[in-house]
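Computed over heavy atoms, backbone and side chain alike; hydrogens, waters and symmetry mates excluded. It should be emphasised that the depicted structure is a prediction, and the values quoted were computed from it without experimental measurement. Quick note on labels: first sequence line is chain A, next is B, and so on, each numbered from 1.
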There are 2 protein chains.
Amino acid sequence: MRYSFTSRAEWMMSSSLKYIKSYPRQESFISFAEELPAEDLFPLTPLKSAAAAVLSSNPLALQYGDPEGYTPLREWLRAEWRLHKDVEVKVSEILLTTGSQQAMDLLARVYVDPGDTVLVENPTSPGCLQILRMQGADIIPVEGNEDGIRVEHLLQQIEAHHPKLLFVAPNFTNPTGVLWSIERRNEVLELCRRHNILIVEDDSYGDLHFMSAKDPSFMVESYPSLFALDGHGVGGQVLYVGSFSKTVAPGLRTGWAAGNRQLIEVMAAAKQLADWQSSNLNQRLLHQLLESTLFDWNKHIVLLNREYSIRLKLMNELLKRPAWKGIHYTLPAGGMFLWVQLPAGLHSESLLKCSIGKGVSFLPGTLCYAGEGGMDRIRLNFTHPGRDELWLGMNLISEAIHEFTARS
Amino acid sequence: MRYSFTSRAEWMMSSSLKYIKSYPRQESFISFAEELPAEDLFPLTPLKSAAAAVLSSNPLALQYGDPEGYTPLREWLRAEWRLHKDVEVKVSEILLTTGSQQAMDLLARVYVDPGDTVLVENPTSPGCLQILRMQGADIIPVEGNEDGIRVEHLLQQIEAHHPKLLFVAPNFTNPTGVLWSIERRNEVLELCRRHNILIVEDDSYGDLHFMSAKDPSFMVESYPSLFALDGHGVGGQVLYVGSFSKTVAPGLRTGWAAGNRQLIEVMAAAKQLADWQSSNLNQRLLHQLLESTLFDWNKHIVLLNREYSIRLKLMNELLKRPAWKGIHYTLPAGGMFLWVQLPAGLHSESLLKCSIGKGVSFLPGTLCYAGEGGMDRIRLNFTHPGRDELWLGMNLISEAIHEFTARS
């Protein structure tokens, strides 16, 4: 039969992100393109114990659960935030989702009508852009610098476009790795308050910071979340989005949204339509793990950050090699990505095609921009490839660059 | 701040289904309202072994997986269908989803633009109606009888409304329990072919049939799926939707869609936007269970059907009591529901309010209709309450009916 898809589905199929995701997953292929944590650091053994405990006790672990998520896990989050993040939130203000991606998609479905104007940090995560495009939003970019999005430009775009929503990731923005200053956080929050703009704060990467020599509370005190600055969500100005994908394991597909009850209630209703609920079993496994004496979440994060900072240092060394002459980048203080500006004449998508031929990939910067831009940028993930792979993969990209330079 | 939700979100929050789902889940409350399988029959022990095996072997079990689903599980489905369902399908034509609900939601998102006309079997499942309303579809009901939707009415609605989609559940339709005759299946398929209408065939309940005395292949031979009748999907006319929620456990949140590769590819792209992928861990657990010598899926289904048919027989006896005088229903040959027509003057929603006060609930028929209708109908789930609960719960509803009758 002749299918007649929606216009947005037609657009989606022609989008270039799909192409990036569809490489054959060969064993030997090295990808700097994806947003994956290191699987060699997954807490496999304590999770196995957690699974044995959960599946021994109660058949309800396999039944449909609460659409808003397993209550003890939401209670755990509330207690954890109070203890380590200086954030106060009620259990009824937390919705568990299938990763942070679903939290953002649900918000878009209940808050963005086709044609609505939405501001995004530019560049931003490809996933966020795709969700907004699928929803038919009119996406307006806001430029930033090393302290976060620029307030003057934000104001200018607000006055010109009257947006209802702003998507940001103040902690190690994907892809730039920028960590917003506290002053910038306050300024942006204040401006959005004045113009009744809901802020979606994606904090998927906030726990991955490499300032471990300092006091562990340093990050929370110096860089409080917009949600915390908004009176712990009381202002209702911020929807906070987080995930266990980077700090425990993505296979458990557990993220969350925290915000004003009115927002959470509507998102929960949309979630029931979308998939009824996320896996009750996975949420119980995670809760069992987090409560177990065999596992300490905060120590696990320190372990991750130690290894990731070593991988980042290695990348920093590899980028000093001759092939990379003329590039620019700022070493991030956390997150999962290096955002590299290529020398003039080196086009990211052409370099990608050549690199794929050699068995290595990265994300071309063009996928991170709301409009034009990014032809001279690439995003390199440094958390998933092991140290040997980082070395080998960077050698392969170097070869590709050499070929380009020799040709031109 | 003042929120400004989308118009459909506003509608959603006022919908009555939300109200039904929000009863306090007290231990003593008996619900005939939900679509839950019996948790006392969950394969808890073999799943525990499966979890130990999966979490011993490979950290990839906890990594992001293939957005289309874990390939070995899709291969298992292909082999199972060939062996027991007389259906041929390729792995690339199967998409694993977070339950059958997500399969239907994804299809709606890529196929239904606001204002598009969609036909539904009337009455139909509340979940299906909610998805279509959320998508802004113009929902047109098609009436049926004991053999399935009536072809004359289908043709009439096609000619009047030029729909692009038809939602049906030929095996034990939710809520009516109707099992379509093979003649009706062929006629509906033929009509949809002629008018280029995509059929979504929800087969969530097809495995739950109580005709076990007969040859096990009886069901497949006498009641082939529309998908099988459409040349095993070759015609591309049918998107088949199934789930392990009823035959293994809902907590694993694993359903699927099977259809023409063009459809599956677009749905998979939408799935990446919606939540990236369903739980890779759960899909591996399920695959390990299904391949294990400790568990036989087909024997497990026989066990479920034996118990469910006993519960149905008990319900049939309980409905002969004086309180239920004047009701009408057809005993279904499978599925999870009894669809009961109340005597004149007994309004389902009023009866529900009174029943809730006594600690028991059911689904009022009104939630199953595309338009008006169902005031005199109730849906009783007989698979989740145990035998004692069925007895007690039905006594409580009987009391409520007595009070009503005494008052009027």
Side-chain angles (χ1 to χ4, degrees), chain A residues 1-7 9 12-13 18 21 36 39-40 42 44 47-48 51-52 55-56 59-65 67 98-99 101-102 105 110-113 130-131 134 164 193 196 198 235-237 249-253 262-263 266 269-270 272-276 278-282, chain B residues 1-7 9 12-13 18 21 36 39-40 42 44 47-48 51-52 55-56 59-65 67 98-99 101-102 105 110-113 130-131 134 164 193 196 198 235-237 249-253 262-263 266 269-270 272-276 278-282:
Chain A
M1 70 170 286
R2 287 168 288 106
Y3 296 121
S4 129
F5 293 104
T6 62
S7 48
M12 199 170 55
M13 294 313 288
K18 206 186 129 268
K21 297 284 161 192
L36 303 182
E39 55 235 15
D40 43 325
F42 288 157
L44 205 56
L47 249 175
K48 188 176 156 189
L55 291 167
S56 293
L60 282 177
L62 295 172
Q63 189 55 283
Y64 286 106
T98 305
Q101 178 88 4
Q102 189 186 41
D105 184 50
V110 303
Y111 214 77
V112 181
D113 271 318
Q130 298 276 88
I131 285 171
M134 177 76 173
K164 64 191 294 191
R193 268 202 194 121
N196 203 49
L198 178 65
Q237 202 71 44
L252 294 164
R253 305 302 301 116
Q262 208 189 330
L263 273 177
V266 180
Q272 286 193 47
L273 299 190
D275 63 13
W276 217 241
S278 299
S279 170
N280 179 26
L281 175 63
N282 288 359
Chain B
M1 71 168 286
R2 286 166 289 108
Y3 297 121
S4 127
F5 294 104
T6 62
S7 48
M12 199 169 57
M13 294 313 288
K18 205 186 130 268
K21 296 284 162 193
L36 304 181
E39 55 234 17
D40 44 322
F42 288 158
L44 206 57
L47 250 175
K48 189 176 156 189
L55 290 167
S56 293
L60 281 177
L62 294 173
Q63 188 56 283
Y64 287 106
T98 305
Q101 178 88 4
Q102 191 187 40
D105 184 51
V110 304
Y111 214 77
V112 180
D113 271 318
Q130 297 276 87
I131 286 171
M134 177 77 173
K164 63 193 293 193
R193 268 202 195 120
N196 203 51
L198 178 64
Q237 202 71 44
L252 294 164
R253 305 304 298 121
Q262 208 189 329
L263 274 177
V266 180
Q272 285 193 49
L273 299 190
D275 64 11
W276 216 243
S278 298
S279 169
N280 178 25
L281 175 63
N282 288 359

If you count heavy-atom pairs under 4.5 Å between each of [options] and chain B, which one has the most?
options: Leu44(A), Thr6(A), Leu55(A), Asp105(A); value: Thr6(A)
options: Lys164(A), Gln101(A), Arg193(A); value: Gln101(A)
options: Gln262(A), Met134(A), Met1(A), Arg2(A); value: Met1(A)
options: Leu47(A), Leu60(A), Leu198(A), Asn282(A); value: Asn282(A)

Heavy atoms only: give me the nearest [X]-[Y] pair and the separation to one decimal.
X: Gly251(A); Y: Ser279(B); value: O-OG, 2.9 Å
X: Pro67(B); Y: Trp276(B); value: CB-O, 3.5 Å
X: Pro59(A); Y: Phe42(B); value: O-CD1, 3.4 Å
X: Ala52(A); Y: Ser56(A); value: O-OG, 2.6 Å
X: Ala270(A); Y: Met12(B); value: N-CE, 3.6 Å

Tell me, out of [options], who's got the most heavy-atom pairs with chain A below 4.5 Å.
options: Val112(B), Leu263(B), Leu252(B), Ile131(B); result: Leu263(B)
options: Arg253(B), Gln102(B), Glu39(B), Gln63(B); result: Gln63(B)
options: Thr98(B), Val110(B), Leu281(B); result: Val110(B)

Going by ring pair (Phe, Tyr, Trp, His ring centres under 6.0 Å), name the residues that satisfy it together with Phe5(A), two or more places apart in sequence or in a different chain. Tyr3(A), Tyr111(B)

Taking side chain as everything from C-beta outward and backbone as N, CA, C, O, which of these in Asp275(B) sits under 4.5 Å from a heavy atom of chain A? Side chain, backbone, both or neither.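 Both parts, backbone and side chain.
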
Residue part contacting chain A, namely of Lys48(B), when any heavy atom lies under 4.5 Å: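 Both backbone and side chain.
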
Taking side chain to side chain donor-acceptor pair (under 3.5 Å) as the definition, give me every residue that meets it alongside Asn280(B), ordered by chain and number, with sequence neighbours left out.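 Scan of Asn280(B) (side chain to side chain donor-acceptor pair (under 3.5 Å), adjacent residues dropped) gives Arg284(B).
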
